[in-house]
Amino acid sequence: MPAARSQSGTETFPRGAVLPVAGGILLFLGLCVWLALGFGWLPGYPNPEEKSVPIYQPTAESAGLSLYLHPPLNSIQAAGESQLLAFQFVNHSGADLTLRSLDISPSECFRIAPHPEKSGGVSGVILKPGQSSLFWYRLSAHADRHSNCLAQFPLVFHYRWQTGPVASPQVEEESISTGPVEVTTRLRIIARRLVVLTSRIVPIILIPLLVAAGGWFFQEFQERRAAEQKKQEQKLQVWKTVLPGIIDAIRNHYIPMLSIISVMRAETSKKLPQCPTSMKSLPGPCCSATSSATWSGTAGASTFRTSAARSSAPSSSMP
């Protein structure tokens, strides 16, 4: 491909390198954006762990105390990280209730702690009839890659409270459950996000790239085809210029030369006359004339006859 030239006449860069360089720059920028979204450096792209799982709230209020877990509860929990949950207790009874504890199951893989920790959580909080109170807890998962906790688990939150006098309290317990929460590692979450992101943006990027590549290859094919046609036209023009001269040379020189050569070959291929058997024993130039007349045709034969007649005349006058 010809190189592009500046106004001063110096070569700057080949034209064929413009498209690959531009494609490389766009590919690099796309890779940077892809990694930034995959690692969460750019806001706006939803995290897969932001999906909220269903929470099964109590349907009856006969227990006197109800617990509500406000969404969202993320469906994916990274090991070593935590998410903030909001629990609301509502006293439906006609007496005071004292909250005692709030636990989670399975406790070997999950842990909940009050937020902030100095608040102490629900322990010892008294709720008046019809009163509700909101408490914040942090849910965390503790697991490594060799642990059995890297799986999905439904969560069950157990809460206890007491009623009656302090001297002889009556302890009651209820629970609420949620859908399955997956415990995994941050590396797996990033890999999953990159795969999901790739499946979304590849069709958007791939179609224009394919169209651009197809247009570029089609343009290259057209240019090569035009170059081949130009070469063919040049060859045809050369033949149109040279061929008449060749035909004239053949007509004026080669064909007459072939005619002369064919005539000469026809003359030299004729058979020479042979000496008669009765004259071979006679003295004279018969045999020598025969051997020396290898060039002759019709003229050579007449010369041979004349020589033979002359040599036979003296021989007839002898006694």
Side-chain angles (χ1 to χ4, degrees), residues 34-61 63 65-90 99-123 125 132-161 172-200:
W34 178 70
L35 292 175
L37 291 175
F39 283 90
W41 298 333
L42 293 179
Y45 181 72
N47 296 325
E49 62 267 21
E50 289 181 355
K51 179 181 178 182
S52 182
V53 299
I55 301 173
Y56 307 108
Q57 307 287 1
T59 57
E61 299 179 356
L65 181 66
S66 298
L67 174 62
Y68 297 95
L69 174 58
H70 293 277
L73 173 62
N74 298 337
S75 60
I76 298 179
Q77 178 65 49
E81 299 180 6
S82 62
Q83 55 178 312
L84 197 60
L85 303 180
F87 296 92
Q88 184 177 4
F89 291 87
V90 180
L99 303 181
R100 299 193 60 174
S101 63
L102 177 63
D103 301 321
I104 188 174
S105 177
S107 58
E108 64 273 8
C109 297
F110 294 92
R111 176 178 177 270
I112 57 173
H115 178 76
E117 294 185 0
K118 295 181 179 180
S119 63
V122 301
S123 180
V125 176
S132 66
S133 182
L134 186 67
F135 299 90
W136 293 93
Y137 276 77
R138 282 203 170 272
L139 173 66
S140 60
H142 45 90
D144 53 23
R145 61 179 181 176
H146 303 293
S147 175
N148 294 328
C149 292
L150 295 178
Q152 289 185 346
F153 304 94
L155 302 183
V156 179
F157 296 95
H158 305 276
Y159 58 98
R160 299 175 182 86
W161 71 96
E172 299 183 23
E173 180 179 349
E174 279 292 339
S175 63
I176 61 173
S177 60
T178 68
V181 175
E182 180 183 0
V183 180
T184 183
T185 60
R186 174 54 57 181
L187 183 61
R188 293 183 181 180
I189 293 177
I190 293 175
R192 188 178 303 177
R193 293 182 64 188
L194 292 177
V195 170
V196 174
L197 182 62
T198 302
S199 64
R200 292 182 180 179

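Counting from 1, the numbers follow the sequence of the chain as shown. This one's a predicted model, so the numbers in the text were calculated from it and none came from an experiment.
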Decide yes or no for V181 and L139: does some side-chain heavy atom of the first lie under 4.5 Å from some side-chain heavy atom of the second?
no

State the CZ-NE2 distance between F135 and H115, to the nearest 0.5 angstrom.
14.5 Å

Say whether R160 and S101, considering side chains only, have a donor N or O and an acceptor N or O under 3.5 Å apart.
yes

Quick one: pull up CZ in R100 and CD in E172 and give me the separation to the nearest 0.5 Å.
11.5 Å

Minimal non-hydrogen separation, F157 against T178, with atom names
CE1-CG2, 4.0 Å

Taken in chain and number order and not counting sequence neighbours, the residues that satisfy salt bridge (charged side-chain N to carboxylate O under 4.0 Å, His left out) with E108 are none

Give, for atom OG of S177 and atom OH of Y56, the distance between the pair rounded to the nearest 0.5 Å.
6.5 Å

Gap separating the CD atom of Q77 from the CD atom of Q152, nearest 0.5 angstrom
13.0 Å

Is R138 atom CZ crowded by more than 12 heavy atoms from other residues, nucleotides or ligands, each under 6.0 Å away?
yes

Between P116 and S119 the two heavy atoms that sit nearest each other are O-OG, 2.6 Å

Trace of the side-chain contact (heavy atoms from CB on, under 4.5 Å) decision for L65 with Y159:
CA-CA 10 Å; L65 181 66; Y159 58 98; 4.1 Å; yes

Could you check if a side-chain atom of V53 sits within less than 4.5 angstrom of a side-chain atom of L155, using non-hydrogen atoms only?
no

F110 and V183, any side-chain heavy atoms less than 4.5 Å apart:
yes

Nearest heavy-atom pair of W136 and A86: which atoms, and what distance?
CZ3-CB, 3.6 Å

First locate atom CD of Q88, then atom NE2 of H70, and finally report the distance between them rounded to the nearest 0.5 Å.
4.0 Å

Side-chain ion pair, E182 and R188, N-O less than 4.0 Å:
no

Any chance you could measure W161, atom CH2, to L67, atom CG, to the nearest 0.5 Å?
9.5 Å

Compare all side-chain heavy atoms of L73 with those of Q83 and state whether any distance is below 4.5 angstrom.
yes

Which pair of heavy atoms, one from P114 and one from G120, lies closest together, and at what distance?
CG-C, 4.0 Å

Minimum heavy-atom separation for L102 and I112, please, with both atom names.
O-CD1, 3.5 Å

In terms of heavy-atom contacts, F153 and C109 come closest through CZ-SG, 4.1 Å

